[in-house]
Amino acid sequence: MTPTELTQRLRDRVLLLDGGLGSYFIAMGLEQGRAPEAWNLEHPEQVIEVHRRYVDAGSDIIQTNSFGASPPKLAASGLEGRCAELNLAAVELARKAAGASALVAGNIGPTGRFLAPMGDATEEQLEEALREQASALARAGVDLISIETMYDLREALAAVRAARDTGLAVLCSMTFELRPRGVFTIMGNRLVPSLQALRDAGATAAGLNCTVTSDAMLTMVEQTREQASLAPVVAQPNAGQPIATPSGIKYDADPDRFAADIGRMLRAGARVVGGCCGTDDAFIRATRRAIDTMVSADG
Amino acid sequence: MSDLFRELGQHLYDGDAPGVIELTRKAIEQGLDAREILNAGLLPGMERVGRDFKDGELFIPEVIVAARAMHAGIELLKPLLARGAGPASRKIALGTVKGDLHDIGKKLVGIMMQGAGFEVIDLGHDVPPERFVEVVSTLKPDLIGMSALLSTTMPMMKNTIEAIRAAGLSGKVKILVGGAPITQAWADEIGADGFAPDAVGAVECARRLL
Ligand code: B1M
Ligand SMILES: [Zn+2]
């Protein structure tokens with residue numbers, strides 16, 4: 001799907017992404033500290049099963065299990081040199097689950113390497129690494145590329161440049177916190193200028209994901225409302241905050257409240273929505289209902 | 001003199017390592033006590049960084065750069081601190097638990113511990129329980145400090161304590177835990193010896209335990 005085609009489609013309708021993959025895998029037995037991408041080869045049927053839940057819940061776009069499948073991130077989890085192989089497997093599994101019902105977005109996350117002054121990586125190095133992953137996803141036949149959870153605008157821009165050059169449509173979300181002085185990434189990048197920079201670099205749609213709950217993300221999305229050049233906006237909040245209990249991790253949000261907040265985000269200009277950490281098919285199903293009710297009410 | 005300390009704290013806050021080195025040298029040359037240079041100059045600067053980060057005034061790059069400047073200052077003071085009347089040199093091994101890559105807070109704890117005269121072994125981040133066990137049996141630290149920043153890695157502290165216990169080493173070492181989501185109640189639940197909410201508290205707690 002080209003950028004123009006996605007832009008066209010978003011003019012006509014809202015697109016629903018999927019929710020988190022990680023918490024499903026942990027519940028299915030993924031060990032602490034193990035890279036979820038390894039499951040593309042070791043437990044393909046489980047990966048398909050999770051994707052399928054989201055397709056059944058009504059996702060228009062599902063995202064491949066390749067968030068950590070850039071070469072530097074794989075090297076850090078003991079999977080050095082397996083970028084092409086793991087991304088290809090990720091796409092095949094998502095495609096199997098999607099069938100003709102959903103689009104497949106090749107998912108890209110941060111490399112885990114830091115630019116100065118935090119670390120010694122250069123923007124060129126990161127772009128090259130991300131380019132390797134983006135091309136692997138494109139070669140494997142994804143419909144579009146989704147970049148998520150970026151916290152340093154410089155790395156996010158490197159990812160957008162790498163993804164854009166595949167010719168596919170690109171979604172790019174960064175993760176922001178609400179601070180007394182405004183909305184920032186942990187590196188100090190401000191919300192509106194960041195989204196503008198991502199769009200200028202070639203993202204078909206830019207937005208926010210992870211870190212915050214739906215009510216906080218609604219406040220953030222509302223700040224993009226006056227900025228026509230940012231539309232369409234992407235929004236994928238977490239399912240509340242993680243709480244450690246003796247029996248495991250719990251998230252405290254309620255699917256219907258989450259979906260209601262998403263409804264408000266759509267009114268504030270979001271066009272691509274979904275869930276991040278802690279969300280499951282119940283959240284996506286509730287969000288599907290909220291979108292469909294809005295469409296029938298409006299139309 | 002207090003002007004010199006104030007200036008030192010400001011250069012540290014600004015993350016100006018060369019400035020911190022120069023002023024620390026100057027203070028040493030003036031014959032000021034190393035402990036006082038640390039306590040009245042460097043530490044207040046770093047505490048202000050921590051506070052302003054919490055309040056949303058500073059971001060991660062500023063915290064990192066300030067921590068580096070603090071480290072540069074401590075390196076100059078270390079030989080003098082070792083000679084002073086600090087706590088009898090005790091060994092502390094610090095690490096962020098397995099699955100967790102957050103190491104900024106743990107580094108600050110290490111810097112403060114060094115400043116307080118402890119010998120610090122930094123095990124890095126993503127440290128598996130087996131590695132902690134190995135360190136306890138081979139390097140024989142007096143205290144193990146574990147850091148976790150994710151709710152999802154908090155349980156790894158429990159696994160690590162259990163591994164140390166299973167190896168029959170629990171009487172040999174004190175265990176201190178910390179990190180943003182950690183509470184005293186959690187420390188009690190997993191059987192840690194101590195908990196500290198921040199780096200200054202970690203030093204106090206280590207002193208109390210040893
Ligand atoms: C031994 O005894 C002791 C005693 C005291 C001890 C101690 C040990 N250890 C610490 N202390 C205490 O003393 C220190 C000094 O006063 C204090 O240490 P702190 O570490 O608390 O404070 C530091 C000085 C400064 N604080 C920090 O350094 C953490 C800051 C925030 C912004 C943060 C950062 C920087 C990062 N992150 Co992460 N990150 C966040 C944080 C949100 C925030 N605004 O706080 C948090 C912790 N991260 C989070 C998440 C979810 C994640 N992060 C991730 C990644 C990262 C970066 C790599 C980008 C980066 C870490 C870089 C690095 N080298 O450390 C991912 C996980 C990676 C992994 N496997 O670990 C990822 C999962 C994001 C994602 N979706 O990919 C959240 C955790 C939520 C939760 N409760 O579980 C989070 C609260 C952000 C949020 N609001 O959602 C005290 O806690
Ligand atoms: Zn998330």
Side-chain angles (χ1 to χ4, degrees), chain A residues 20 22-23 25-27 30-36 68 72-73 76-78 109-120 151-154 175-190 210-211 238-252 277-278, chain B residues 14-17 51-69 96-105 107 124-131 148-160 162-163 177 179-183 185-191:
Chain A
S23 18
F25 295 154
I26 290 168
L30 177 75
E31 298 154 53
Q32 279 267 355
R34 193 83 210 290
K73 192 77 191 231
S77 18
T111 58
R113 297 207 48 207
F114 291 105
L115 296 163
M118 302 226 7
D120 57 6
Y151 44 79
D152 186 329
L153 179 60
R154 296 170 297 167
T175 189
F176 294 92
E177 296 180 320
L178 216 39
R179 290 182 168 238
R181 285 194 290 140
V183 180
F184 294 90
T185 66
I186 60 173
M187 298 297 175
N189 307 122
R190 280 181 174 278
C210 208
T211 303
N238 282 355
Q241 291 301 330
I243 304 158
T245 71
S247 60
I249 307 304
K250 300 258 178 323
Y251 282 82
D252 59 0
C277 299
Chain B
D14 294 336
D16 170 18
R51 238 183 356 256
D52 285 357
F53 174 77
K54 272 212 182 78
D55 293 346
E57 289 293 321
L58 295 183
F59 297 97
I60 290 295
E62 286 107 319
V63 176
I64 295 277
V65 172
R68 260 185 221 145
T96 306
V97 297
K98 181 172 167 186
D100 201 321
L101 307 179
H102 296 85
D103 68 350
I104 299 164
K107 275 198 186 131
H125 51 263
D126 197 10
V127 182
E130 314 84 72
R131 172 85 182 121
L149 267 282
L150 298 170
S151 313
T152 47
T153 55
M154 287 169 64
M156 195 47 83
M157 291 181 156
K158 191 167 171 223
N159 298 12
T160 306
E162 278 161 8
V177 294
I182 309 301
T183 58
W186 178 255
D188 293 341
E189 187 178 321
I190 62 174

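Naming: A, B, ... by sequence-line order, numbering from 1 per chain.
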Review point. Between A/Ser77 and chain B, which part of the residue has a heavy atom less than 4.5 Å away: side chain, backbone, both or neither?
Key: neither
**Study point:** Interatomic spacing from CE in A/Met187 to CD in B/Glu62 - rounded to 0.5 Å
**Key:** 10.5 Å
**Study point:** Region of B/Ile190 in contact with chain A, defined by heavy-atom distances below 4.5 Å
**Key:** neither
Review point. Taking only residues two or more places apart in sequence, or in another chain, which ones meet B/Lys98 in a side-chain contact (heavy atoms from CB on, under 4.5 Å)?
Key: B/Asp126, B/Pro128, B/Pro129, B/Met156
Review point. Of the backbone (N, CA, C, O) and the side chain (C-beta and beyond), which part of B/Asn159 lies under 4.5 Å from a heavy atom of chain A, both, or neither?
Key: neither
**Study point:** Spacing of A/Tyr151 atom OH and B/Ile60 atom CD1 [to the nearest 0.5 Å]
**Key:** 10.5 Å
Review point. Rounded to the nearest 0.5 Å, how far does CZ of B/Phe59 lie from CG of A/Asn189?
Key: 8.5 Å
Practice item. Just jot down the ring pair (Phe, Tyr, Trp, His ring centres under 6.0 Å) partners of B/Phe53, sequence neighbours excluded, or say none. Key: none
Check your understanding: Of all of B/Val65, B/Ile64, B/Thr152, which one pairs up most often with chain A through heavy atoms under 4.5 Å apart?
Key -> B/Thr152
Practice item. Return yes if some donor-acceptor pair links the side-chain N/O of B/Arg68 with the main-chain N/O of A/Met118 below 3.5 Å, else return no. Key: yes
Practice item. Considering non-hydrogen atoms only, spot the tightest contact between A/Pro180 and B/Gly56 and give its length. Key: CD-CA, 4.1 Å
Study note, to complete from the structure: Scanning both residues in full, the closest heavy-atom pair of A/Arg181 with B/Glu57 reads NH2-O, 2.8 Å
